[in-house]
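As structure tokens, the structure follows; a few thoughts come after it.
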Amino acid sequence: MGNFIGDFVKGSDLNAYPETMAMGIKLHREIDRYTDTHEIVHQSKSLLREKYRHYAPVIVDIFYDHFLASSWSKRHYLPLRDFTHKFYRLAEKYLDVIPKSAARVLHYMKADNWLYHYGSIEGIDRALVGMSRRTTFQSKMDEAVHDLEKHYDHFKDHFDAFFPELTQFSKTFIEENQNGTA
């Protein structure tokens, strides 16, 4: 749950959250920092930066979500649909703890099962079009699926190279924090 609400929680005081949720928030922030500074991710962003400017990192995150969802069966024992339903059931148990803004997003995520549909190009397109409607400035995110299709193999290669490194980074972070060394 902490990973899910990481973008919705501001500040460093995490005392309002259970210890494991606070750990998830910290992990989420570390994953964001690691991802934002990783050379492979920069390569993906560079394919989009000229057209999408500061929205390129958001689009790359969504593209990488697609590759994770579309290769889910190689990464987890539960089928993706089962995993997403399990996540939504768990999240509903924490509605009294998570920020209201996260609860609003969760409502739409569950209604349209975003996590499951990220595995398809159509699902990514719906997500990007929806995000484009909610941006204050012209983002062109509604056009981004065309760039995904055009450079699909490049983005997939980037993800396939990046994800094992991110996984190891995350495991190390968790181990160090569980042992109290970080």
Side-chain angles (χ1 to χ4, degrees), residues 1-8 24-25 27-49 51-52 54-88 90-91 98 101-102 104-135 139-171:
M1 285 314 309
N3 279 305
F4 168 64
I5 66 171
D7 285 332
F8 300 94
I25 294 166
L27 175 61
H28 178 98
R29 291 173 177 177
E30 287 300 310
I31 287 171
D32 278 354
R33 185 192 56 72
Y34 182 80
T35 302
D36 290 345
T37 59
H38 200 285
E39 180 54 37
I40 294 170
V41 178
H42 282 285
Q43 291 173 28
S44 288
K45 292 176 195 176
S46 71
L47 292 170
L48 301 172
R49 179 97 44 216
K51 181 175 182 179
Y52 300 102
H54 68 275
Y55 292 104
V58 175
I59 295 167
V60 168
D61 281 350
I62 297 294
F63 287 1
Y64 282 19
D65 286 345
H66 164 70
F67 293 114
L68 177 60
S70 65
S71 64
W72 186 261
S73 63
K74 297 176 188 172
R75 302 175 194 286
H76 203 276
Y77 68 93
L78 278 179
L80 181 58
R81 187 179 299 273
D82 295 344
F83 179 86
T84 62
H85 290 304
K86 184 176 178 178
F87 167 76
Y88 297 134
L90 175 67
I98 66 175
S101 54
R104 281 192 299 276
V105 169
L106 177 65
H107 170 78
Y108 293 108
M109 282 179 74
K110 182 181 176 189
D112 294 329
N113 201 353
W114 292 358
L115 298 175
Y116 178 76
H117 290 292
Y118 278 174
S120 71
I121 296 289
E122 297 79 18
I124 291 299
D125 187 40
R126 276 194 304 273
L128 290 164
V129 167
M131 291 173 77
S132 180
R133 279 192 226 115
R134 292 187 297 274
T135 59
S139 67
K140 298 183 184 178
M141 283 193 283
D142 55 319
E143 302 172 17
V145 76
H146 302 296
D147 292 286
L148 173 60
E149 292 171 325
K150 181 179 178 181
H151 301 289
Y152 195 89
D153 291 337
H154 290 298
F155 288 118
K156 184 177 183 325
D157 289 346
H158 294 169
F159 174 81
D160 288 343
F162 170 70
F163 196 73
E165 293 182 26
L166 175 63
T167 301
Q168 185 56 53
F169 171 83
S170 299
K171 285 179 182 177

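The ring of F67 has its center no closer than 6.0 angstrom to the ring center of F163. Taking the six-membered ring for Trp and the full ring otherwise, H66 and Y152 have centroids separated by under 6.0 Å.
Few gaps surround NE2 on H76; more than 12 heavy atoms of other groups in view lie less than 6.0 Å from it. Environment of NZ in K110: sparse, with no more than 12 heavy atoms of neighbouring residues, nucleotides or ligands closer than 6.0 Å.
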Residues D61, T35; criterion side chain to side chain contact (heavy atoms under 4.5 Å, CB included); working and verdict | CA-CA 9 Å; D61 281 350; T35 302; 4.3 Å; yes

Check against side chain to side chain contact (heavy atoms under 4.5 Å, CB included), N113 and H85 | CA-CA 8 Å; N113 201 353; H85 290 304; 4.0 Å; yes

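Inter-residue side-chain proximity for D112 and H117 is flagged as unmet; no heavy-atom pair is nearer than 4.5 Å. Using a 4.5 Å heavy-atom threshold, the side chains of V60 and Y52 count as separate. Residues Y118 and T84 are not in side-chain contact: their nearest non-hydrogen atoms beyond the backbone lie 4.5 Å or more apart.
Between F162 and Y64, the angle of the ring planes lies from 30° to 60°, which puts this pair in the tilted group. In this structure, H154 and H158 have tilted ring planes: the angle between them lies in the 30° to 60° band. Taking the six-membered ring where the residue is Trp, F169 and Y34 present parallel rings, their angle staying beneath 30° rather than reaching 60°.
Taking every heavy atom of both residues into account, D36 and H42 meet most closely at O-NE2, 3.1 Å. Y88 and M109 make their closest contact through OH-O, 3.2 Å (heavy atoms, listed as atom of the first residue, atom of the second, distance).
Salt bridge annotation for D147-K51: present, with a cationic side-chain nitrogen under 4.0 angstrom from a carboxylate oxygen.
Every residue two or more places apart in sequence or in another chain that forms a side chain to side chain donor-acceptor pair (under 3.5 Å) with D160 is listed here: K156.
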